[in-house]
Amino acid sequence: MEEIISFTNEIKNEITANINLDTEMKRSLLAAFIRVNGTIKFKNKNEYLILRTENAKVAKFIYSLIKDLYEDVVVSFSFRKTMKFYKATEYLVNIINGGTTIFSSLDINLLESKINQELINKEDKIRGFLMGLFLACGSCNSPKTSNYHFEFYVSDENLAKNILKIINKIKSSQFDFKLTKRRNNFVIYLKKSDQISGFLAFLDASTCCIKFEDVRVSRDYSNINNRLIICDQYNYKKSIDKANVQIEQIKLIDKHLGIDNIINEKVQLLCKLRLKDPEASYADLSSMMSEELNIPVSKSNIGHLFRKIENMAKLYEKLK
């Protein structure tokens, strides 16, 4: 049991370390987490939204996400010991004031199984939603076991069916999730090992994906080439797709403003480098910018600059 929990937490920790989440993905992620893990309590005529998790990094991540998206919301962080089947620490993110604002913004109703379509109308938003869902109610067996099993568990059957529909909307990959009932919960699960590693890659948990593949490959060496090729193809396609979006955004900015008129020197240079080399990775761009500017430019800084480019492009979208 400890091994299973350990690998599940490795996945959750990797998801919370993701620095490439845009605002739309953050909203989708938070909506999924709140819908599954949120509870409302009333005290002294005040309404409190409580979010629970046994993973400290998840609690810190959700806390930071709320503060980032809703500056005026009053939120606190606490923890307590639980004595259910085993001793554990439960971390609480308490929305003391502003829960109604969050519910309204994300169109969440804890009593309904519907999911706001604006949160899942793009593949990146679906990725964000499923990340949040995994942080709230996901688990994955350790690859060291021969019983490959990945699952989401929820208490609402209609919500489980809606989650299946969301997964089936993914266009870049096909995943054969099934639905079953386990005691009072409904479980959306995946048993095929190659699809589990593919889904970990879809959740941007690439390190856990590689770890899963490494252990699995040692058990079934004959399939190593096919499995690594699948991971490489997925990551390459994902990088190219993201680069193409960035190029379209840069062209839009160039059309309305002109790249040479961008005030921020780093943003201007990054636009030119991306147009010059569409297949360059963030590491490549980091190296090229560091050399051009003669100062260190990290990969996380590259991601931050691309978010600025995305925000600039959105300003000109309405002028199309």
Close side-chain approach of M312 and L257, heavy atoms under 4.5 Å
yes
If you measure only the distance, is there a donor-acceptor pair under 3.5 Å linking the side chains of S281 and D284?
yes
Please check if any side-chain donor atom of S155 sits under 3.5 Å from a side-chain acceptor atom of N185, or the reverse.
no
Sort out for me which residue in E118, K125, Q117 forms a side chain to side chain donor-acceptor pair (under 3.5 Å) with N121.
K125
Within the distance-only criterion (no hydrogens, no angle test), does the side chain of N162 pair as donor or acceptor with the backbone N or O of S113 below 3.5 angstrom?
yes
Is it true that atom CZ of F79 has more than 12 heavy atoms of other residues, nucleotides or ligands lying nearer than 6.0 Å?
no
Looking at S197 and D194, would you say the former's side chain and the latter's main chain have a donor-acceptor pair under 3.5 Å?
yes
If you measure from the Lys or Arg side-chain nitrogens to the Asp or Glu carboxylate oxygens, is any gap between K169 and E123 under 4.0 Å?
no
Test ring pair (Phe, Tyr, Trp, His ring centres under 6.0 Å), reference F199, set F175, Y148, F212, F134, output is F175
Short side-chain to backbone donor-acceptor contact, S64 and K60, under 3.5 Å:
yes
Looking only at heavy atoms, what is the nearest atom pair of F152 and L130, with distance?
CE2-O, 4.1 Å
Say whether N147 and K191, considering side chains only, have a donor N or O and an acceptor N or O under 3.5 Å apart.
yes
Are I95 and V74 side-chain neighbours, meaning at least one heavy-atom pair lies under 4.5 Å?
no
Using 0.5 Å steps for rounding, measure from the CD1 atom of I247 to the NZ atom of K251.
6.5 Å
Does a side-chain N-to-carboxylate-O contact under 4.0 Å join K272 and D277?
no
Whether R274 side chain and A280 backbone form a donor-acceptor pair below 3.5 Å
yes
First locate atom CZ of F33, then atom CD1 of I108, and finally report the distance between them rounded to the nearest 0.5 Å.
11.5 Å
According to a 4.5 Å side-chain heavy-atom criterion applied to Ile, Leu, Val, Met, Phe, Trp and Tyr, with indirect links allowed, do V245 and I309 form part of one hydrophobic cluster?
no
Atom pair CZ (R35) and CG (N116), whose distance is rounded to the nearest 0.5 Å
13.0 Å
Is there a side-chain contact between L119 and D107, using heavy atoms and a 4.5 Å cut-off?
no
Main chain of L164, side chain of N168: is a donor-acceptor contact present, judged purely on distance under 3.5 Å?
yes
Minimal heavy-atom distance between C271 and I262, with the atoms involved, is SG-CD1, 4.0 Å
Can you see whether T89 engages E54 through a side-chain donor-acceptor pair at a distance of less than 3.5 angstrom?
no
Going hydrophobic residue to hydrophobic residue with side-chain gaps under 4.5 angstrom, can you get from I295 over to Y282?
yes
Between E71 and K67, does at least one N-O distance fall below 4.0 Å, as a salt bridge requires?
no
Given the rule in the side-chain contact (heavy atoms from CB on, under 4.5 Å) test, do F202 and S173 qualify, once you have shown the distances and angles that lead to the verdict?
CA-CA 8 Å; F202 181 78; S173 303; 5.5 Å; no
Keeping the roles fixed (side chain from Q195, backbone from D176), state whether a donor-acceptor pair exists under 3.5 Å.
yes
Taking I170 as the starting point, is it possible to reach L190 by hopping between hydrophobic residues whose side chains are less than 4.5 Å apart?
yes
Is the shortest side-chain heavy-atom distance between F306 and N20 below 4.5 Å?
no
Identify whether V187 and I166 are in the same connected component of the hydrophobic contact network (ILVMFWY, side-chain heavy atoms under 4.5 Å).
no
What are the two closest heavy atoms between L179 and F186, and how far apart are they?
CD1-CB, 4.2 Å
CD of E90 to CD1 of I50, rounded to nearest 0.5 Å, is 10.5 Å
Output the distance between atom OG1 (T39) and atom CG (L51), rounded to the nearest 0.5 Å.
7.5 Å
Does a salt bridge link R127 with D124, judged by any charged N lying under 4.0 Å from a carboxylate O?
yes
To check you understand the geometry: which heavy-atom pair defines the closest contact between F103 and I40, and what is its length?
CE1-CD1, 3.7 Å
Side-chain heavy-atom pair I96, V73 within 4.5 angstrom cut-off:
no
Do M288 and L269 share a hydrophobic cluster, counting only Ile, Leu, Val, Met, Phe, Trp and Tyr and linking them when any side-chain heavy atoms are less than 4.5 Å apart?
yes
Nearest-0.5 Å distance, OG of residue S193 to CD of residue E213
7.5 Å
Check: E14 side chain, T207 main-chain N or O, donor-acceptor pair, under 3.5 Å:
yes
So, R307 and T23: side-chain donor and acceptor under 3.5 Å apart, yes or no?
no
Heavy-atom closest pair (L200 atom, C208 atom, distance to 0.1 Å) is CD1-O, 4.1 Å
With a 4.5 Å cut-off on side-chain heavy atoms, are K211 and E10 touching?
yes
Can any side-chain N or O of S290 pair as donor or acceptor with the backbone N or O of V297 at less than 3.5 Å?
yes
Determine whether Q268 and I259 make a side-chain contact, defined as any pair of heavy atoms from C-beta on separated by less than 4.5 Å.
yes
Per the side chain to side chain donor-acceptor pair (under 3.5 Å) rule, which among T8, T16, N9 passes with N55?
N9
S78 and N94: side chain donor to acceptor below 3.5 Å:
yes
Note, N141 side chain near F7 side chain (heavy atom, < 4.5 Å):
no
Looking at every heavy atom in both I302 and L270, which two are closest together, and how far apart are they?
O-CD2, 4.0 Å
Distance alone, cut at 3.5 Å: any donor-acceptor contact between the side chains of T180 and Y189?
no
Is it true that K266 and E292 make a salt bridge, defined as a side-chain N closer than 4.0 Å to a carboxylate O?
no
side-chain contact (heavy atoms from CB on, under 4.5 Å) between L30 and I62, intermediate numbers included:
CA-CA 7 Å; L30 183 61; I62 295 297; 4.1 Å; yes
